[in-house]
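For ligands, and for the atoms within them, numbers begin at 1 and follow the listed sequence. For the numbers below, each heavy atom of this structure counts, side chains included, while hydrogens, waters and symmetry mates do not. Predicted model, so just to flag it, every value in this text is computed and none were measured.
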Amino acid sequence: EPVQARGMDIFGTLQSFQAVKDPETGTHYLFDGTRSEGVHTFKANRMPENAFIILSALLGMTGFEVESRNNFFYDPSAVSAHVNAGKVYDYYKKVHGRDSLDGEGMKLVSTVHIGSKWNNAAWNGKQMLYGDGDGTRMISLSGGLDVIGHEMTHGVITNTADINYENESGAINESIADILGAFAENKTGEDLWLLGEDIWTPTTPGDGLRSMSDPGSVYIGGYTESGYYPDHYSKRYIGELDKGGVHINSSINNKAAHLITDGGTHYGVSVTGIGKTKAEKIFYRALTHYLTASSDFSQMRQAAIQAARDLHPDRNGQPSAEVNAVMAAYDAVGVQ
Ligand SMILES: CCC(=O)Oc1c(C)cccc1C(=O)O
Ligand SMILES: [Zn+2]
């Protein structure tokens with residue numbers, strides 16, 4: 001039956017959350033039945049990540065129940081994954097009126113300790129998966145609420161536009177995951193625009209895996225001419241690596257989202273921001289009403305403009321401030 005359980009998350013903060021207790025054995029499981037069909041969090045064995053990702057997608061293998069004693073869970077990565085999945089569930093329910101990833105309350109399954117020192121997180125089409133990080137570049141990735149928001153948004157994407165995960169479409173897929181993942185985390189100031197800042201380089205404060213407000217401030221290595229993430233369409237990566245640059249070119253659309261929200265002048269183009277509350281609804285509506293599997297950057301622009309027009313109609317034949325912000329932001333990053 002449902003019980004209130006407790007455990008330490010990866011930052012050493014005591015968390016209280018929903019679990020269930022097997023009346024026969026008295027064993028507790030990390031299953032929260034209060035959110036639709038539930039939030040169920042597992043741990044992997046020492047199976048290599050590639051095997052786990054495929055077997056869990058093909059056979060629905062989820063790993064093992066997380067052990068507990070006296071209703072206390074001693075696996076911080078699992079506690080973080082469980083609590084953060086609940087938070088992102090609540091974000092989609094409260095802000096977008098969406099019941100889980102499929103809109104029909106599907107169970108949210110996560111598995112932690114994937115692979116060995118794995119500096120990755122993944123959505124395998126069925127569930128979320130989190131590595132422990134190598135301890136230097138990353139720590140346990142389930143500790144990043146925006147990381148979990150990113151993975152769960154991949155799940156929303158799969159159940160909506162199902163955008164192809166390569167080339168320009170893949171970059172849009174990645175960017176929507178970053179945008180709604182960051183908005184789900186809902187931090188303020190610069191941290192809102194950093195991805196993975198809580199689990200990235202524990203000894204270096206203030207940095208992150210990617211930056212939406214200043215993509216070019218993050219070094220990515222040899223992929224791009226500059227070695228930094230692109231903040232303009234003319235600087236996009238064109239090549240085979242990273243499935244055609246899905247984690248690289250996403251920064252171009254991320255920058256557009258930042259400009260739409262906070263405003264700013266970028267390459268001489270000025271944008272008047274419209275705020276997070278309007279921006280998140282525009283991108284969610286673009287994803288659920290206009291984007292398709294083959295959408296590219298230009299179609300992302302058109303989808304965002306149409307979604308903005310739906311939510312903020314023209315007045316006396318003039319575009320609203322919201323539509324103007326979207327158009328200017330895409331102008332600023334060089335996407336027509
Ligand atoms: C912000 C979350 C994120 O980018 O997760 C990934 C990581 C850390 C490595 C490789 C792939 C992904 C992903 O989910 O795209
Ligand atoms: Zn991703």
Would Tyr130 count as a contact residue for ligand 1, given that I'm defining contact as a non-hydrogen atom of the residue lying under 4.0 Å from a ligand atom? no
Among Asn84, Val83, Asp198, exactly one meets side chain to side chain contact (heavy atoms under 4.5 Å, CB included) together with Leu145. Which residue is that? Asn84
Does some non-hydrogen atom of Gly196 fall short of 4.0 Å from ligand 1? no
One thing to verify: whether Asp32 and Arg35 come together as a salt bridge, which I'm taking to mean a side-chain N less than 4.0 angstrom from a carboxylate O. yes
Determine, considering heavy atoms only, which of His150, Arg137, Met128 sits nearest to atom 2 (C) of ligand 1. His150
Nearest atoms (heavy-atom pairs only) where Thr111 meets Lys43: CG2-C, 3.7 Å
Backbone or side-chain N or O of Glu151 under 3.5 Å from ligand 1 N or O: yes
Does Trp118 approach ligand 1 within less than 4.0 angstrom via side chain, backbone, both or neither, non-hydrogen atoms only? neither
Of the protein's non-hydrogen atoms, which lies at the shortest distance from atom 7 (C) of ligand 1, and what is that distance? Ala121 N, 3.8 Å
Is there a donor in the side chain of Ser270 and an acceptor in the side chain of Thr265, or the other way round, less than 3.5 Å apart? yes
What atoms of ligand 1 come within less than 4.0 Å of a heavy atom belonging to Tyr165? 15 (O)
What orientation do Tyr92 and Tyr284 show, parallel under 30°, tilted 30 to 60°, or perpendicular over 60°? tilted
Counting heavy atoms under 4.0 Å, the part of Leu209 that contacts ligand 1 is side chain
If you measure every N/O of Asn119 against every N/O of ligand 1, is any gap under 3.5 Å? no
Quick check: Asn120 and ligand 1, any N/O pair under 3.5 Å apart? no
Counting both backbone and side chain atoms, is some N or O of His247 under 3.5 Å from an N or O of ligand 1? yes
Heavy-atom side-chain proximity of Met138 to Asp132 below 4.5 angstrom: no
Where's the contact between Leu141 and ligand 1, heavy-atom distance under 4.0 Å: side chain, backbone, both or neither? side chain
Out of all atoms in ligand 1, which are within 4.0 Å of some heavy atom of Arg210? Include the element for each. 1 (C), 3 (C), 4 (O)
May I have the angle between His154 NE2 and His150 NE2 with its vertex at the Zn ion (ligand 2), rounded to 10°? 100°
Against the six-membered ring of Phe72, is Arg69 placed for a cation-pi contact (under 6.0 Å from the centre, within 45° of the normal)? no
